[in-house]
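Since we're looking at a predicted model, the values are computed, not measured. Residues take their numbers from the sequence shown, with the count starting at 1.
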Amino acid sequence: MKQKKGTFTWVMEFAGQKRKDYILSAGYAILGALCQILPFVVTAHIVQKLLGGDLNFHGYLKDCLVIAGIWAVRVVFHAISTSKSHVATFAVLANIRRQGLEKLARMPLGDVQSMGSGNLKNILVERVDSIETTLAHMIPEMSGNLCAVAATLGLLFYIDWRMALVSLITFPVGMACFLCMMIGYEKDYSRTVRATKHLNDTAVEYIGGIEVIKVFGKAKSSYEKFVDAAREGAASYVDWMRKSNLYFTFAMNIMPATLVTVLPIGGLWVKNGSLSVLDLIVVILLAMGMIVPVINCMSFSDGIAKLGTIMGEITAILDAEEMSRPQTQQTLLHDHTLTLDKVHFGYGESEVLHGIDLTFQEGTVNALVGPSGSGKSTIAKLIASFWDVQAGGIYIGGVDIRELAPKQYYGLIAYVSQENFLFDDTIRENIRMGRRTATDAEVEQAAKDCGCWEFIMGLEHGFDTIAGSGGSHLSGGERQRICIARAMLKNAPIVILDEATAYTDPENEAIIQASVAKLVQGKTLIVIAHRLSTIVHADQITVIEQGRIAGNGTHEALLASCPLYQKLWAAHTSARDSL
């Protein structure tokens with residue numbers, strides 16, 4: 001069992017070599033706090049001279065200049081302290097993001113996708129940014145303020161221990177009110193976090209789906225959903241503040257009221273001669289100055305809670321399970337025959353694949369078919385190493401893929417899914433990502449082979465046209481063909497097409513099928529298809545039903561022996577004939 005680390009421990013780990021800046025920041029803050037106390041000592045000296053009848057103006061001017069000088073030194077210490085803490089804090093933020101992204105690269109790709117790109121961006125960008133102020137100011141300011149309180153109390157006890165205790169009477173009463181205000185803090189804070197996240201998600205959904213909302217006349221209901229989320233977001237804060245307001249008011253008025261006890265009790269002791277007038281005046285000054293550092297420390301309570309919540313989200317990513325792979329080992333493969341041996345896999349506690357045994361011979365065309373949700377795409381993603389199998393194994397050339405370094409393994413696989421993605425770069429560079437060393441001529445030839453040439457040349461800037469974020473400047477079919485061209489350019493020995501022609505028209509689908517047949521010669525091709533007419537000539541067709549193999553063989557063999565395939569083929573041909 002790994003010991004759970006505290007928030008402060010994580011901060012120091014993220015700070016790395018810059019943690020010394022946090023230490024220096026706290027040190028300068030403490031020196032600044034001492035400079036905050038020294039003016040009271042000088043003021044006491046001034047009061048003593050006044051009570052003694054000293055009328056030397058130049059002496060008082062000198063004392064005032066000393067106070068001003070001490071204050072200036074305090075400002076310098078504060079500036080240096082804050083500068084050091086910011087240097088360390090920006091190192092923390094950078095290391096959080098760096099370690100977070102490195103962790104995502106080591107995690108199963110399927111787990112990363114299940115987290116959602118929007119959620120990951122929110123955590124690693126916006127929420128990490130939001131802790132900058134707390135981290136940069138909490139360590140130096142809390143160190144300095146706590147030191148100031150301790151030094152002030154030390155002086156009070158040195159002057160008169162009785163008055164020191166008297167000056168603290170309002171503190172427990174104010175703290176009691178503050179603690180009452182904190183009742184249910186975790187529950188209330190969690191509500192605000194949930195409400196804010198829900199509001200953000202609803203806003204993104206509303207804006208992103210505005211086209212569908214208008215087309216189907218759902219503007220009113222969708223807007224009401226957004227309004228409800230906004231109201232709950234506001235109510236989570238308003239209800240919390242309303243519940244805490246009375247206690248907060250009492251705490252912030254009772255705690256600073258040190259003179260309520262110091263003046264009458266101190267006056268009484270001055271009257272009976274057990275306390276000097278000078279000591280009472282100094283006690284009054286120190287008691288009034290002690291409350292500000294305490295309130296400053298209390299003001300960080302929300303920031304500390306927020307820091308703990310966000311660190312919890314960050315460490316949940318960093319503590320996530322990684323894929324077990326060697327990092328640099330290069331294993332010699334004799335061929336690229338792909339074998340699944342008694343593979344079991346599930347999402348959470350629900351098993352999806354129940355002992356899959358399959359062999360895809362090198363240089364053959366293989367198809368996976370079956371009803372939606374049967375496990376076809378899960379098999380493809382396991383082969384593409386989105387996850388590790390939970391039992392059994394997947395082998396290439398007799399070698400378990402878990403024994404292959406990621407760089408070597410991913411070089412063996414070209415994977416095209418239904419959920420294609422293009423970067424906000426030129427068409428040319430999006431295709432070239434399949435093989436960074438490819439020449440312009442090779443990129444253009446891949447585009448021709450995959451039926452992309454004509455539509456690319458019809459764009460305003462041809463291959464230099466920007467695809468847009470996620471390929472937003474192109475249609476779904478155009479994006480799909482570019483992704484296929486990118487996969488073909490990679491020239492990997494194993495090619496997986498997960499319904500890769502779903503968005504293409506019949507004419508271009510025929511072009512792609514012909515180009516795929518030409519380009520995968522000598523390669524192991526695995527195709528997942530719902531249109532059975534596209535895979536009737538496959539060397540091997542595997543029928544998947546509820547995570548098990550219901551049939552395996554050629555098209556003709558399955559029509560003769562597999563009831564499920566017969567049903568799928570009948571449904572396909574009837575749908576095709578009705579067009």
Side-chain angles (χ1 to χ4, degrees), residues 108-114 117 336 338 340 343 345 347 352-353 356 358 360 364-389 394 396 401 409-422 430-431 433-434 450-452 470-471 475-505 508-509 512-513 515-517 519-520 523-547 549 552 568 572:
L109 182 56
D111 289 349
V112 175
Q113 289 184 329
S114 67
S117 58
H336 297 108
L338 189 63
L340 282 73
V343 169
F345 180 78
Y347 303 102
V352 175
L353 301 179
I356 298 294
L358 267 177
F360 304 114
T364 61
V365 176
N366 306 268
L368 299 175
V369 301
S372 295
S374 59
K376 307 183 298 298
S377 292
T378 300
I379 292 174
K381 289 179 178 179
L382 286 175
I383 295 172
S385 200
F386 276 46
W387 297 278
D388 277 334
V389 299
I394 299 177
I396 294 181
I401 65 173
Y409 184 72
Y410 290 132
L412 300 173
I413 302 289
Y415 177 78
V416 181
S417 72
Q418 302 177 51
E419 302 170 357
N420 49 72
F421 182 85
L422 297 181
N430 269 284
I431 297 176
M433 284 180 183
C450 291
C452 301
S475 69
E478 290 169 344
R479 289 197 300 269
Q480 196 76 357
R481 279 179 278 169
I482 289 174
C483 287
I484 294 172
R486 180 168 60 195
M488 294 302 103
L489 184 65
K490 186 176 181 179
N491 197 30
I494 298 173
V495 180
I496 303 173
L497 302 180
D498 186 355
E499 194 62 22
T501 59
Y503 299 107
T504 57
D505 54 72
N508 279 300
E509 181 178 2
I512 292 173
Q513 293 294 338
S515 64
V516 167
L519 293 171
V520 299
K523 297 179 172 59
T524 306
L525 176 63
I526 302 169
V527 180
I528 298 175
H530 291 98
R531 285 183 253 180
L532 300 187
S533 58
T534 63
I535 49 90
V536 293
H537 301 298
D539 298 303
Q540 176 182 240
I541 301 173
T542 303
V543 184
I544 308 296
E545 183 179 19
Q546 296 181 353
I549 296 177
N552 190 49
L568 293 173
H572 171 71

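With sequence neighbours excluded, no residue satisfies side-chain contact (heavy atoms from CB on, under 4.5 Å) with Gln546. For the side-chain contact (heavy atoms from CB on, under 4.5 Å) test, residues two or more places apart in sequence or in another chain that qualify with Ala414 are Ala487, Lys490, Ala492, Val495. Qualifying side-chain contact (heavy atoms from CB on, under 4.5 Å) partners for Ser374, counting only residues two or more places apart in sequence or in other chains: Pro371, Lys376, Ile544. Residues satisfying the ring pair (Phe, Tyr, Trp, His ring centres under 6.0 Å) criterion with Tyr415, sequence neighbours excluded, are Phe386. Residues that satisfy the side-chain contact (heavy atoms from CB on, under 4.5 Å) test with Val112, not counting sequence neighbours, are Leu104, Met107, Leu120.
Contact of the Leu489 side chain with the Met433 side chain is not registered, since no non-hydrogen atoms from C-beta on lie closer than 4.5 Å. Proximity of Leu532 to Ile541: side-chain heavy atoms (C-beta onward) are nowhere separated by under 4.5 Å. A heavy-atom distance below 4.5 Å is found between the side chains of His336 and Leu412. Counting only heavy atoms from C-beta outward, the side chains of Leu358 and Asn552 approach each other to under 4.5 Å.
Summarising the geometry of Tyr410 relative to Ala384, their closest heavy-atom pair is CE2-O, 3.7 Å, with the distance given to 0.1 Å.
Atom CD1 of Ile394 sits about 6.0 Å away from atom CD1 of Ile383, to the nearest 0.5 Å. Atom CD1 of Ile379 sits about 4.5 Å away from atom CD1 of Ile356, to the nearest 0.5 Å. Rounded to the nearest 0.5 Å, atoms CD1 (Ile535) and CD1 (Ile528) are 11.5 Å apart. To the nearest 0.5 angstrom, Asn366 atom CG is 7.0 Å from Thr542 atom OG1. Taking OG1 from Thr378 and CZ from Phe345, the interatomic distance works out to 7.0 Å, rounded to the nearest 0.5 Å. Between the CG atom of Asn430 and the CZ atom of Phe421 there is a distance of 8.5 Å, given to the nearest 0.5 Å.
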So Cys483 and Leu422, side-chain contact (heavy atoms from CB on, under 4.5 Å) or not? Walk me through it. CA-CA 8 Å; Cys483 287; Leu422 297 181; 3.9 Å; yes
What do the steps show when you test Leu338 against Ile526 for side-chain contact (heavy atoms from CB on, under 4.5 Å), and what is the final call? CA-CA 10 Å; Leu338 189 63; Ile526 302 169; 3.5 Å; yes
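The salt bridge (charged side-chain N to carboxylate O under 4.0 Å, His left out) contacts involving residues 378-388 comprise Arg325-Asp388, where partners must be two or more places apart or lie in separate chains.
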